[in-house]
Amino acid sequence: SCGNIIKPSMNIIPIGVLWFLTALFISRILFFVMLKIFDKLKISLLTKFLIVFCIAYIGSYIGKFIFLPWSIDIALVAVFFMFFGYAVKEKYINIDCNLTVFLWLLIFWYFDIASGSLSLNDRTYNNLLLSLFGACTISFVILQLSKLIEKKCPNFIKKFLSYCGKYSLIILIFHIIF
């Protein structure tokens, strides 16, 4: 019954922006355990994506009713992004990104935003499938833009961006103060 649903903030101490670090820690552990299991089972890439999507769905569903300690519900969703990044890195997903593909990816991302997108921080997953792939799409677009910056931009811009990246954890922790 609905009367037994635990309120999201009950008994969990707010930790501000640091929720991200606990979610990242848990999702990395889950991700590496999952990879070990996938290697032993020797299952197809599509099956792996379906399993990872189901795990993300479970996390998003739990997050509607209860906020788990250490942001475990968010970590379950974040595992999807880790797996997507892994699949791109290992070249299981390889999209030749010419201008046409790039524009289609931006259009897909626009429809994701128009549908409400997702917010891990707020545990908002309006259309989970569209939101997950929309977030992966913009990550891929940013990766392509980063490659372009690496090739075309002057060194001082690269050094500045590298500096920001190097200190991004400190920026994350203290940005709320300013």
Side-chain angles (χ1 to χ4, degrees), residues 14-32 34-35 45 48-49 52-53 55-56 59-60 63 70-178:
I15 58 172
V17 296
L18 297 181
W19 70 266
F20 176 78
L21 296 179
T22 59
L24 181 62
F25 175 72
I26 297 297
S27 61
R28 285 184 62 108
I29 291 171
L30 291 171
F31 174 70
F32 288 119
M34 209 171 43
L35 282 183
L45 182 64
K48 291 175 188 177
F49 262 110
V52 173
F53 176 76
I55 291 168
S60 70
W70 287 45
S71 302
I72 294 171
D73 53 309
I74 295 172
L76 293 171
V77 177
V79 165
F80 184 89
F81 300 118
M82 290 186 160
F83 188 75
F84 181 81
Y86 170 79
V88 170
K89 180 181 176 250
E90 295 297 318
K91 307 257 190 272
Y92 298 127
I93 298 173
N94 190 9
I95 301 172
D96 181 26
C97 198
N98 58 36
L99 184 59
T100 305
V101 171
F102 190 79
L103 291 174
W104 276 110
L105 290 172
L106 287 175
I107 290 168
F108 178 78
W109 181 56
Y110 170 78
F111 284 113
D112 170 42
I113 291 172
S115 77
S117 198
L118 93 157
S119 171
L120 293 176
N121 180 44
D122 299 328
R123 292 168 170 91
T124 302
Y125 316 100
N126 291 322
N127 179 337
L128 186 64
L129 185 62
L130 181 63
S131 294
L132 290 174
F133 283 104
C136 290
T137 298
I138 197 59
S139 295
F140 189 79
V141 167
I142 290 170
L143 177 65
Q144 298 304 315
L145 289 174
S146 298
K147 288 178 181 179
L148 185 63
I149 289 170
E150 175 107 29
K151 289 179 185 175
K152 304 286 184 182
C153 283
N155 276 342
F156 75 93
I157 292 175
K158 291 183 216 176
K159 285 181 181 181
F160 173 73
L161 293 173
S162 178
Y163 177 84
C164 291
K166 183 177 179 181
Y167 294 103
S168 62
L169 182 58
I170 294 168
I171 294 167
L172 167 76
I173 293 169
F174 293 108
H175 83 278
I176 199 78
I177 295 171
F178 302 106

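This structure is a prediction, so every number in the text was calculated from the model and none was measured.
Across Leu118 and Ala135, no two heavy atoms sit closer than the pair CD2-CB, 3.9 Å. Taking every heavy atom of both residues into account, Ser27 and Met82 meet most closely at OG-CE, 3.3 Å. Considering every non-hydrogen atom in both Val77 and Ala56, the closest pair reads CG2-O, 3.4 Å. Contact detail for Trp19 and Asn121: the closest heavy-atom pair is NE1-OD1, 2.9 Å. Shortest non-hydrogen contact noted between Ala23 and Ala75 is O-CB, 3.5 Å.
Going from atom OG1 of Thr100 over to atom CG of Leu105 covers 11.0 Å, rounded to the nearest 0.5 Å. The CZ atom of Phe53 sits 4.5 Å away from atom CG of Leu128, with the distance rounded to the nearest 0.5 Å. The structure places OG1 of Thr137 at 10.5 Å from CH2 of Trp109, a figure rounded to the nearest 0.5 Å. Put simply, SG on Cys136 and CG on Leu143 are 12.0 Å apart, with the number rounded to the nearest 0.5 Å. Taking CD1 of Ile149 as the reference point, atom NZ of Lys158 lies at 10.0 Å (rounded to 0.5 Å). Atom CD in Glu90 sits 11.0 Å away from atom CG in Leu45 (nearest 0.5 Å).
Around atom CZ of Phe32, more than 12 heavy atoms belonging to other residues, nucleotides or ligands sit under 6.0 Å away.
Between the side chain of Ser71 and the backbone N or O of Ile74, no donor-acceptor pair lies under 3.5 Å. Panel note: side chain Ser168, backbone Gly165; a donor-acceptor pair is recorded below 3.5 Å.
Ring pair Phe49/Phe83 is perpendicular by interplanar angle, where above 60° counts as perpendicular and below 30° as parallel.
In summary, the aromatic rings of Phe80 and Phe133 are positioned with their centroids under 6.0 Å apart.
Put simply, the side chain of Leu30 does not reach to within 4.5 Å of the side chain of Ile72, judged on heavy atoms.
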